[in-house]
Amino acid sequence: MSQFWKPGSERPRLVDDEEGGVLLYATSSSSSSSGFGYGSLEKQRQRLPVYKYKTAILYSVETHATTIIVGETGSGKTTQIPQYLKEAGWAEGGRMIACTQPRRLAVQAVATRVAEEMDVKLGEEVGYTIRFEDITNEELTRVKFLTDGVLLREMMDDPLLSKYSVIMVDEAHERSLSTDILLGLLKKIQRRRPELRIIISSATIEAKSMAAFFNTRRRCEQEQGPIKEPAILSVEGRGFNVEIFYVEDPVSDYVWAAVSTVMSIHDQERMGDILVFLTGQDDIDAAIQLLTEEAQSSGKQGLVTVPLYSGLPRADQDLVFSPTPKGKRKVIFSTNIAETSLTLEGIVYVVDSGFSKQRFYNPISDIENLVVAPISKASARQRAGRAGRVRPGKCFRLYTEDYFSKEMSVVGIPEIQRSNLVSCVIQLKALGIDNILGFDWPASPSAESMIRALEVLYSLGVLDDDAKLTSPTGFQVAEIPLDPLISKMILASYEFGCSEEIITIAAVLSIQSIWIPVRGVQKQLDEAKLKFAAAEGDHVTFLNVYKGFIQSNKSSKWCHKNFINYHAMRKVIEVREQLKRITQRLGIGLKSCEGDIQAVRKAITAGFFANAARLEPFSHNGMYKTVRTSQEVYIHPSSVLFRVNPKFIVYHSLVSTDRQYMRNVITIDPSWLTEAAPHFYQKQLHSSVPQ
DNA sequence: GAGCACTGC
């Protein structure tokens, strides 16, 4: 392992956060996965690190409006704190305790565990709510787990969240879009409801800024009720030590460096699985190929390589969890998915490239890009921690310690500063927040992004001249849990008599892809697509696929035969059912246009008029220009209209690589643009759309 | 003729 050095061993130690090269401290003598065979659930609960802090936590919640709990993984905070609160009486008198999570799976898992510990039936005293699943009972449920997105939706009916006495926001350090919106709103609610208690659980690195955000104490103010200054409590975790190693010189090719590091670990370290963090499918495939070649040419045996990324078919993802064969060493090459969303057991070594793919939004061009960017120290810590779950581990960072300590940012950029804010703004408007630009965020998005979002909503007829939600359109669009452009398309479809068809299209557009991930089967996929291809474009093609799926009786076999992702289609059915319920509630019945595809295209245009593009008159390579901003764009090769190049189209989204590609396009008549949005197209039509 | 980190309502 010559290219690595261990901080503190060969050179004077530099600073690694607070820990100086060692990441997590073990606090108990036994691991969480062994030694509890005879203990009752109650005994197990008492052994969790958080147990020692029970009184302190309850005291703090009693006396402070906001309590920030800093806790590493395995402290037991998520499962225990809601129970402590319940025991202390916070759920009495018809009140409820809420605990939010960023992800659905976590909600289900935690709720199940807590119901078990409390020895109650899930869905009664302890319940959970995620999209498509409400396992709660209005009369009985006292402790409720839910995604932060669901809690935001609940605010539309109950803006002060009056049924909750305590709201615990878990994993707040991840700074997801909905967590940040939720935190901003909770701060507002607190002013109106001094009796409400908020608990924010976060990693060390974010605790101080969270506390500053929630500190509403003013100088000279007479304190009434709970103390306004947040309390910060620290609970240790239950991970094992992870030794950190850095490269001595910067690496130029992290894929190659990762593979050679894996080879060295395999050569020189005890048995134990390896987790390698790379950025995407390309990296991962390249690394696996390289490692296979290297192992072959050097005659090394005993390595089992597994890829892991979200686009992988379910069956392949499961390989990651299968036990490593005896005498073998598993090497998992993963994207960020293993950083937060999935927990892998048996990992002893982590190799960290220092990069991940991150979304960035440019409000000027209104384009979201996916770019490979350096991770933050917080991510690096999280990645390293993955090595210490079963026994002391090691983490090999493919960057220098100097880089880590001097150049790496402390935390990542919150999602809200990297996203298109259209959905976020309409949500706040629906909650009666009028002064969007003055909203108090944990991290403020740029004014440009806000203004762009307001413009888009105005052009859709969702906001009026005073930037208030229009009635009924604005309120209806806010009610539908999808991108406002899609919601607007749904509303318009009722007028065009094709809502039956449009909600199918809306459901398909709101999931990633209905085709099975390619690689190696490109030709077959293209051929399969031809069977469904419609001259009008991709949206109509989706209708054909959906029809076929229903006619096959929702058969997985049929999907397999046609290169269609069965799980994705199940999801389409689920989303479609939800949209059906919502549209009915909005008083929009379902109508079918019975094959009148022009109605469907007009409804799509009513939502997506801003995404119109025109073929350049003498273009030989299929170059289009957007009508609004004259940007150069091309039809994506995966579209059924690729190389067909009709004169006028609207697209669903842009993806940018070396070119800007339009994904999911449909042919339109340019006169529909002025019909759909007269104000929006007044100027542009004179200059760039021939009549 | 190209490529989709990850969530969520």
Side-chain angles (χ1 to χ4, degrees), chain A residues 100-107 129-134 146-156 171 174-182 277-285 308-312 334-342 353 355-360 368-373 375 379 412 415-416 418-419 423-424 426-427 430 478-484 486-487 506-507 510-520 522-523 525-526 565 568 571 574-575 578-579 581-582 621-622 634-639 642-643 653-664:
Chain A
T100 73
Q101 297 287 322
R103 278 170 295 277
R104 295 161 46 103
L105 256 175
V107 169
T129 309
I130 55 181
R131 188 184 186 183
F132 306 126
E133 241 183 298
D134 182 8
L146 66 177
T147 50
D148 29 29
V150 168
L151 192 60
L152 280 177
R153 285 275 151 193
E154 283 192 2
M155 288 180 75
M156 289 205 182
E171 314 285 359
E174 286 187 26
R175 305 303 299 273
S176 79
L177 202 53
S178 11
T179 307
D180 268 19
I181 301 173
L182 184 63
F277 282 103
L278 296 174
T279 65
Q281 194 175 339
D282 275 343
D283 280 0
I284 289 170
D285 289 348
L308 178 62
Y309 45 87
S310 83
L312 215 58
S334 173
T335 61
N336 257 359
I337 193 170
E339 197 179 303
T340 47
S341 307
L342 284 180
S353 65
F355 290 95
S356 71
K357 280 197 185 168
Q358 292 161 35
R359 183 173 58 199
F360 286 95
E368 279 183 336
N369 263 339
L370 212 54
V371 284
V372 172
I375 60 169
S379 284
E415 203 181 0
I416 200 155
R418 299 184 278 116
S419 310
S423 298
C424 162
I426 197 174
Q427 231 167 355
E479 192 79 9
I480 303 173
L482 297 174
D483 177 345
I486 293 187
S487 308
S510 64
I511 61 159
Q512 275 186 1
S513 171
I514 56 167
W515 309 105
I516 52 163
V518 288
R519 296 272 151 153
Q522 188 58 60
K523 230 176 162 182
L525 175 63
D526 283 351
N565 183 341
K571 195 132 194 232
E574 231 175 23
V575 175
Q578 190 193 22
L579 293 179
R581 283 195 302 273
I582 290 170
N621 61 350
Y634 296 83
I635 294 181
H636 195 277
S638 66
S639 167
F642 178 66
R643 280 209 283 245
S653 61
L654 286 181
V655 289
S656 11
T657 48
D658 48 331
R659 284 176 172 182
Q660 308 284 359
Y661 284 105
M662 301 177 279
R663 288 185 69 201
N664 299 326

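Just so it is clear: chains get the letters A, B, ... in the order the sequence lines come, proteins before strands, and each one is counted from 1. Because only heavy atoms are used, hydrogens play no part in the values below, and waters and symmetry mates are left out as well, while side chains stay in.
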Reckon A:Ser310 touches a base, only the sugar-phosphate, or nothing at all at heavy-atom distances under 4.0 Å?
sugar-phosphate

Partners meeting side-chain contact (heavy atoms from CB on, under 4.5 Å) with A:Ala507 (sequence neighbours left out)
A:Val572, A:Val575, A:Arg576

Given atom CD of A:Glu171 and atom C1' of B:dC6, what is their separation to the nearest angstrom?
14 Å

Closest to the A:Pro637 side chain, choosing from B:dG1, B:dC6, B:dG8:
B:dG1

The nucleotide from B:dA5, B:dG1, B:dG8 with an atom nearest the side chain of A:Phe642 is B:dG1

So A:Leu152, base contact, sugar-phosphate only, or nothing? Heavy-atom distance under 4.0 Å.
nothing

Need one value for A:Ser176: base, sugar-phosphate or nothing, where a base atom within 4.0 Å counts as base even if backbone is also close, heavy atoms only.
nothing

Which nucleotide wins on minimum distance to the side chain of A:Val150, given the candidates B:dC4, B:dC6, B:dC9?
B:dC9

Select base, sugar-phosphate, or nothing to describe what A:Phe132 touches, counting heavy atoms under 4.0 Å on all strands.
nothing

Phosphate OP1/OP2 of B:dG8: any A:Arg153 side-chain N/O under 4.0 Å:
no

Sorted by chain and residue number, the side-chain contact (heavy atoms from CB on, under 4.5 Å) partners of A:Asp526 (sequence neighbours excluded) come out as A:Gln522

Test for a donor-acceptor pair under 3.5 Å between the base of B:dG1 and the side chain of A:Asn621, counting only N and O atoms.
no

What integer distance in Å separates A:Leu525:CG from B:dA2:P?
16 Å

Among B:dC4, B:dG1, B:dC9, which is the nearest nucleotide to the side chain of A:Asp526?
B:dG1

